[in-house]
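Chain letters run A, B, ... following the sequence lines, proteins first, then strands; residues in each count from 1.
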There are 2 protein chains.
Amino acid sequence: MAIGKKRTNNPDGMRRRVLDVAEDTFQARGYHASSLGDLMAAAGVTGGALHHHFPTKKALALAVIEERVAAAVRETWIDPVLAAPSAREGVRAVFEAVAEELEQQGYVRGCPLNNLAHELSLADDEFRLALARIFADWRRAIADKIRADQLGGGESAIDPERYAALTVAAYSGAMSMAKTSQDAGVLRECLKGVESFALSPPQGRLKRRRRVLPRPKVR
Amino acid sequence: MAIGKKRTNNPDGMRRRVLDVAEDTFQARGYHASSLGDLMAAAGVTGGALHHHFPTKKALALAVIEERVAAAVRETWIDPVLAAPSAREGVRAVFEAVAEELEQQGYVRGCPLNNLAHELSLADDEFRLALARIFADWRRAIADKIRADQLGGGESAIDPERYAALTVAAYSGAMSMAKTSQDAGVLRECLKGVESFALSPPQGRLKRRRRVLPRPKVR
DNA sequence: CTCAAAACAGGATGATTATCCTGTTTATAA
DNA sequence: TTATAAACAGGATAATCATCCTGTTTTGAG
């Protein structure tokens with residue numbers, strides 16, 4: 001350390017700075033491709049400080065998952081959907097907001113939850129369970145919102161769990177493709193698909209009705 | 001080498017054995033977590049032989065992507081869907097076949113394409129483009145099949161590209177959740193969602209109808 | 001048969017990396 | 001003030017890893 005320099009302990013701030021950098025780097029390069037040396041340099045943190053707050057790389061990643069990834073899903077998905085007038089409108093708003101944000105920033109880094117889920121789910125059961133919990137909370141929030149809409153009379157009798165599962169899956173898969181093609185357009189495409197599901201009448205009626213409809217002429 | 005032992009050159013077989021092991025290990029542990037030493041031991045191949053066929057680890061992964069992952073998507077998705085009586089029936093058959101296979105083997109390793117796409121898309125543009133091509137072929141096959149169904153009069157006027165995008169996204173996302181929860185049930189749930197999309201009326205009519213609906217009362 | 005290239009063997013190497021360890025400084029409770 | 005633990009510094013270390021290199025064996029063309 002430079003002579004004459006004073007030091008001020010700031011454990012919370014230092015922990016936060018490390019998590020900031022780790023969240024960002026794990027998202028951009030993945031867990032295994034991010035070295036602690038890189039993180040230390042980017043965060044301006046020494047090895048001693050890093051090791052003090054996070055004794056192992058796994059502990060750091062676990063903190064990123066439980067504190068940052070979970071919060072990201074909450075902030076971009078759960079809270080907006082719960083605050084929306086309806087589940088359908090909330091889902092549409094999130095899809096469109098994310099698509100627009102990605103198009104403005106010009107590149108797609110993917111969904112932080114899915115990125116880490118793919119890399120770490122099979123590597124370690126603690127990772128897997130922490131990630132699975134976030135998926136479950138995400139789906140439960142959407143299903144709960146659908147149920148609330150149905151109680152209010154504003155939603156058809158679709159299966160809430162099914163709608164939630166399809167929505168999360170469609171978003172996750174669309175982000176996967178968007179990341180691979182570096183094009184957020186597929187998000188909008190998949191949103192339209194999910195919306196048509198949300199608006200379709202319940203399964204039993206649908207099947208019966210379809211029999212009666214005349215075959216559409218195409219081309 | 002042991003004295004008196006003869007050696008038989010078998011370049012194709014050795015290349016295939018390396019690719020077999022690499023495909024399997026990359027799928028189970030990912031690219032960065034798989035060391036060439038592990039691969040060499042598992043394949044029973046020396047460093048010299050490995051380096052002769054694949055000068056770098058990246059070259060090996062590229063071969064896995066272009067030869068094995070592309071073939072896996074073709075065999076489990078493209079060919080069955082194209083061979084099915086209709087796109088919808090083909091999609092349903094694939095979802096159910098995969099779900100059943102996963103339930104029988106008792107664990108979920110995820111979709112090889114999505115696994116590598118998440119880990120490698122941002123790492124290297126060559127990786128990314130090779131993976132994007134596979135996604136594109138996958139979607140195109142489904143869209144083409146829908147168009148064929150429509151020409152035959154057996155499919156409603158849904159947008160083929162939209163149906164393909166939603167199907168691939170729903171499958172990819174469902175596999176992501178199945179892998180994280182180690183439970184293939186979500187695949188069946190998402191299949192039902194996609195099926196109801198396939199049966200819903202075309203988008204234009206839908207949108208117009210929506211305007212007329214009264215706003216749902218929430219809380 | 002000859003010989004050049006392909007196929008393979010196996011160790012060397014340098015770079016990277018996560019973890020640990022020994023100190024030093026700062027804060028806090030008594 | 002003093003003692004004790006927390007907070008931080010910074011280098012050591014041992015293991016790992018991808019690549020490279022030198023040498024040997026096999027193969028096939030001419």
Side-chain angles (χ1 to χ4, degrees), chain A residues 1-23 25-26 28-65 116 119-120 123-124 126-127, chain B residues 1-23 25-26 28-65 116 119-120 123-124 126-127:
Chain A
M1 201 80 183
I3 309 169
K5 280 277 183 181
K6 275 273 182 174
R7 192 187 82 197
T8 312
N9 282 0
N10 184 12
D12 293 345
M14 177 152 289
R15 205 186 111 97
R16 190 177 47 76
R17 262 163 50 213
V18 172
L19 281 178
D20 285 345
V21 169
E23 177 188 8
T25 308
F26 287 167
R29 292 190 258 195
Y31 173 80
H32 286 104
S34 303
S35 81
L36 293 183
D38 292 343
L39 296 186
M40 283 162 45
V45 166
T46 65
L50 177 61
H51 182 262
H52 176 73
H53 291 282
F54 307 100
T56 64
K57 190 181 182 184
K58 172 180 168 179
L60 172 58
L62 224 40
V64 168
I65 291 170
L116 289 181
E119 190 179 1
L120 300 180
D124 186 286
E126 249 177 301
F127 282 147
Chain B
M1 201 78 182
I3 310 168
K5 280 276 183 180
K6 276 274 182 173
R7 174 163 60 91
T8 311
N9 283 1
N10 183 14
D12 293 344
M14 177 152 291
R15 205 188 112 97
R16 190 177 47 76
R17 263 161 50 213
V18 171
L19 281 178
D20 285 345
V21 170
E23 176 186 11
T25 308
F26 287 166
R29 292 190 261 203
Y31 174 79
H32 286 104
S34 303
S35 80
L36 293 183
D38 293 343
L39 296 187
M40 282 162 47
V45 166
T46 64
L50 177 61
H51 182 263
H52 177 72
H53 290 283
F54 306 100
T56 64
K57 191 181 181 185
K58 173 181 167 179
L60 172 59
L62 225 39
V64 167
I65 292 171
L116 290 181
E119 192 179 0
L120 300 180
D124 187 285
E126 248 176 304
F127 282 148

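Between B:Gly47 and B:Met40, the shortest heavy-atom distance links the atoms N-CE, 3.4 Å.
If B:Tyr31 and B:Asn9 are placed on DNA chain D by their nearest nucleotide, the residue sitting closer to the 5' end is B:Tyr31.
Atom NE2 in A:His32 sits about 16 Å away from atom C1' in D:dA18, given to the nearest Å. One can place CG of B:Leu50 at 10 Å from P of D:dA18, the figure rounded to the nearest angstrom. As rounded to whole Å, 8 Å separates atom P of C:dA7 from atom CG of B:Asp12. Computed from coordinates, the A:Lys57 NZ to D:dA15 P distance equals 19 Å when rounded to whole Å. What separates CZ of A:Arg17 from C1' of D:dC8 is a distance of 11 Å, to the nearest Å. The separation between B:Asn10 atom CG and D:dT27 atom P is 10 Å, rounded to whole Å. Atom NE2 of B:His51 is separated from atom P of D:dG23 by 17 Å (rounded to the nearest Å). Here C:dC8 presents its P atom at 12 Å from CZ of B:Arg15, a figure rounded to the nearest Å.
For the segment residues 36-46 of chain B, the set of residues with a heavy atom within less than 4.0 Å of an atom of DNA chain C comprises B:Thr46, in numerical order.
For the atom pair CD (A:Glu119) and CD (B:Glu119), the distance works out to 5.0 Å, reported to the nearest 0.5 Å. The structure places OH of A:Tyr31 at 8.0 Å from CG of A:Leu60, a figure rounded to the nearest 0.5 Å. One finds the CG atom of B:Leu39 at 12.0 Å from the CD atom of B:Glu23 (value rounded to the nearest 0.5 Å).
The side chain of A:Arg7 has D:dC8 as its nearest neighbour among D:dC20, C:dC8, D:dC8. For A:Ser35, taking side-chain heavy atoms from C-beta onward, the closest of the listed nucleotides D:dC17, C:dT17, D:dA7 is C:dT17. Residue B:Met14 places its side chain closer to C:dA9 than to any other of C:dT19, D:dT27, C:dA9.
Shown here are the salt bridge (charged side-chain N to carboxylate O under 4.0 Å, His left out) partners of A:Arg17, two or more places apart in sequence or in another chain: there are none.
At the phosphate of C:dC8, OP1 or OP2 sits under 4.0 Å from a side-chain N or O atom of B:His53. Proximity of A:His52 to the phosphate of D:dA7: a side-chain N or O atom is located under 4.0 Å from OP1 or OP2.
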Please report the C-alpha distance between A:Glu126 and A:Lys58 in whole Å, then the side-chain angles of each, then the deciding distance to 0.1 Å, and finally whether the side chain to side chain contact (heavy atoms under 4.5 Å, CB included) criterion is met. CA-CA 9 Å; A:Glu126 249 177 301; A:Lys58 172 180 168 179; 2.9 Å; yes

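With respect to A:Val18, the side chain to side chain contact (heavy atoms under 4.5 Å, CB included) criterion is satisfied by exactly one of A:Val64, A:Leu36, A:Val45: A:Val45.
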